[in-house]
Structures are given as C-alpha cells and as structure tokens.
**Q** 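Quick one: the structure is below, questions incoming.
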Number of protein chains: 2
Amino acid sequence: MRAGTAVSGQVVAMCSALGDETRWSILTALGEGDASASALARRLPVTRQAIAKHLAVLHEVGLVDTVKAGREVQYRVIGTELSATARRLDAIGTEWDRRLAALKHVAESL
Amino acid sequence: MRAGTAVSGQVVAMCSALGDETRWSILTALGEGDASASALARRLPVTRQAIAKHLAVLHEVGLVDTVKAGREVQYRVIGTELSATARRLDAIGTEWDRRLAALKHVAESL
DNA sequence: ACCTAGTGCAGCCATAGGGTTGCATGTCGT
DNA sequence: ACGACATGCAACCCTATGGCTGCACTAGGT
C-alpha cells in the first residue's frame, strides 16, 4: 500500500471551498437553521449576490443542499461530505506520521 | 452545547493551504521521502521559487517541518496537524447531520 | 390587479495569490 | 581558492475570485 497516492480532486475542491472565512460564516449561520440567500444577506455583512456565489460553490462540493420553499430557496448544511473528506484527511495524516515513526525507528537502529 | 461555534482561523488557514493542487503534489512528493526545495523543483513542473512559497505556507500551518541538512534545507511532512483539523471537521460534519436528523424527527412527529 | 420580496444573470472592479525571472548570498567539494 | 549548487529576497505579470451594482424575472400577499 503506497503512501503518496494522488489526492482526489474532490478533496482539493472541498478544502478550497472551506478555505474562505465568509463561506464559514455562511456555514455556521446555516448550522443554526436553514435559510435563504436573502435571509443570510440580512445577518451577514455581505451582499446577497456574493452569498449566492458562495452558496453555489458550497453546493458544488456537496456541503449544502437546496430546498425549495415556495418562492424562496432554503439552503441546508449537509455534514456527510465534510465528514467523509475529514476521514480521508485523517487517514493521510496518520499515514504520514506512521512513515515518520518508521523513519525514526530506522534511525535509532543504527 | 451550541452547534454554530465560530470556526478557528487555524482551520480556515489549513483548508486554504490544502485547497491548491500544486501544494498537494508537493505534499504527496514529500510523503515519499524528505526533500529540499530544489529537489522538489526537479520532479515537479514548477520553479523552485514557487515551491519555496508553497513550502512557506505549508510550514505556516504546520503541515511540514524543516530539517537543516548541511547547506540544504530538507522538508518533511507532519501528519499531526492535518489529523487534528480533520477530526475537528469530522466533528462539525457529524454535528450538522445530527441536527438534520433531529429536524427530520420533529417533522415526522407532526 | 398590483405591489412587494426573492431569485438569477451579467458585467465590472480590485485584490490576493500562484507563477515567473533575476540577482545576491552562502556553503560544500575539490 | 574557486566553481557548482542551494537558498533567500525582491520585483513583476496575470489570472482567479471575492465583492459590488444593476436589471430582468418570478412568485406571493392583499
């Protein structure tokens, strides 16, 4: 089992989506309850259109889902994808540390 | 216990660092063994200076560590921070899904 | 029917950041 | 001592992208 396996582009996209403060503020806001883009724009210091863009990228990577409620579109946070990539990252990190421990072991056996 | 806790800036920085393909190629390369910036520049299709910049941000978030070996600087991947943030992300994702399940439960009890 | 509120789309601006070249410095081997 | 290689720093270019304004459209409420 090789260590340096090419990381799925999905992981990169997910991390890229999570690498923005505004997006996290949106996610945490949604964590307190479903909301529409306009509703989010009211509680956050950014425009609705900006929020709409962010919601688009969040939806792209599967972090949020849309629920049509009448004329508005409610957004809802989904934890599944996040947890999945988190586990992949954890595995990678563990693998690195495992390799490091092996290196250390070799060094001490000299 | 509230769900929408403000996410640590460390997590955002880490995700931002992981949101770049080139950085991942560097990390996976380092996963196969320690290497200097110049050594990495030889196997990757980017300049040494570009790699140096990436290594700087990776070092910033604690994904790599430096080991001075004579005149060159060897870089080494560290899994600890990655695993730590991965667990935090997993917890957040689980929390979201827990909330979602609760919502569903409420909906069904009507 | 009309007004209001929510959404979508397009265009524009400005900055961040990934990538480059160039040069100066520093260190190892011979 | 000197040449070769590794690093550090600075300046620069260009694209991606976060943010905005503006407009057209649609769907509810009264």
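This one's a predicted model, so the numbers in the text were calculated from it and none came from an experiment. Order of the sequence lines fixes the chain letters, A, B, ..., with proteins taken first and strands second; residue numbering starts at 1 for each chain.
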**Q** Any protein N or O atoms within reach of nucleotides 21-24 of chain D? Criterion: under 3.5 Å, listing atom names and distances.
**A**
{"residue": "D/dG22", "atom": "O6", "partner": "A/Q49", "partner atom": "NE2", "Å": "3.0"}

**Q** Counting N and O atoms only, with roles assigned by atom type, does the side chain of A/Q74 sit under 3.5 Å from a partner on the main chain of A/K68, one being a donor and the other an acceptor?
**A**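 Absent.
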
**Q** Tell me what B/A50 touches on the nucleic acid: a base, only sugar-phosphate, or nothing, going by heavy atoms under 4.0 Å.
**A**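 Base contact - B/A50 has a heavy atom under 4.0 Å of at least one base atom.
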
**Q** Nearest whole Å is fine: how far is C/dG18 P from B/E21 CD?
**A**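 In whole Å, C/dG18 P and B/E21 CD are 12 Å from each other.
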
**Q** Rounding to an integer number of Å, can you tell me how far A/E72 CD sits from C/dG8 C1'?
**A**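 Those two atoms, CD and C1', are 15 Å apart.
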
**Q** Quick one: B/L55 CG to C/dG19 P, roughly how many Å, whole number?
**A**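 To the nearest whole Å, that distance equals 12 Å.
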
**Q** Kindly point out which of C/dG19, D/dA4, C/dG8 is positioned nearest to the side chain of A/V73?
**A**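 It is C/dG8.
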
**Q** Looking at B/H54, I'd like to know whether one of its side-chain N or O atoms comes within less than 4.0 Å of OP1 or OP2 on C/dG19.
**A**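 So the side chain of B/H54 is within the cut-off, an N or O lying under 4.0 Å from OP1 or OP2 of C/dG19.
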
**Q** Do the side chains of A/L27 and B/L100 join up, straight or via other hydrophobic residues, at under 4.5 Å, putting them in one cluster?
**A**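 The answer is no; the residues belong to distinct hydrophobic clusters.
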
**Q** Does the pair B/L18 and B/L82 meet the rule for a side chain to side chain contact (heavy atoms under 4.5 Å, CB included), with working shown?
**A** CA-CA 10 Å; B/L18 294 176; B/L82 180 57; 3.7 Å; yes

**Q** Indicate yes or no for a side-chain donor-acceptor contact from A/D97 to the backbone of B/T80 under 3.5 Å, with no hydrogens or angles considered.
**A**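 Looks like yes, one N/O pair under 3.5 Å.
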
**Q** May I ask you to verify if any side-chain N or O of B/S38 is less than 4.0 angstrom from the OP1 or OP2 atom of D/dC5?
**A**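 It does not, given that no N or O in the side chain of B/S38 lies less than 4.0 Å from OP1 or OP2 of D/dC5.
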
**Q** Roughly how many Å is it from CG in A/L40 to P in D/dG18, rounded to a whole number?
**A**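 Atom-to-atom, A/L40 to D/dG18, this comes out as 16 Å.
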
**Q** To the nearest Å, give me how far apart CG (B/L44) and C1' (C/dT20) are.
**A**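 In whole Å, C/dT20 C1' and B/L44 CG are 16 Å from each other.
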
**Q** On DNA chain D, check which nucleotide each of B/R42 and A/D20 is closest to and give me the residue with the more 5' one.
**A**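 It is B/R42 whose nearest nucleotide is closer to the 5' end.
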
**Q** Between A/I51 and A/L55, is a side chain to side chain contact (heavy atoms under 4.5 Å, CB included) present by the stated rule, with each step listed?
**A** CA-CA 6 Å; A/I51 291 189; A/L55 286 172; 3.8 Å; yes

**Q** Of A/K53 and B/A37, whose closest DNA chain D nucleotide lies nearer the 5' terminus?
**A**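 Taking each residue's closest nucleotide, the earlier one in sequence belongs to B/A37.
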
**Q** By nearest heavy atom, map A/A39 and B/I51 onto DNA chain C; which one lands nearer the 5' end?
**A**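 Nearest-nucleotide comparison on DNA chain C picks A/A39.
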
**Q** Expressed in angstrom and rounded to an integer, what is the separation of B/R71 atom CZ from C/dT30 atom P?
**A**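 The distance from CZ of B/R71 to P of C/dT30 comes to 11 Å, rounded to the nearest Å.
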
**Q** What is the distance, rounded to the nearest whole Å, between atom CZ of A/R23 and atom C1' of D/dA16?
**A**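 Whole-Å distance recorded here is 12 Å.
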
**Q** Keeping B/T47 on the side-chain end and B/Q49 on the backbone end, is there a donor-acceptor pair under 3.5 Å?
**A**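 Flag not set: sc B/T47 to bb B/Q49 has no pair under 3.5 Å.
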
**Q** For B/D65, is there an ion pair with B/R76 - N to carboxylate O distance below 4.0 angstrom?
**A**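 Salt bridge flag = no for B/D65 with B/R76.
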
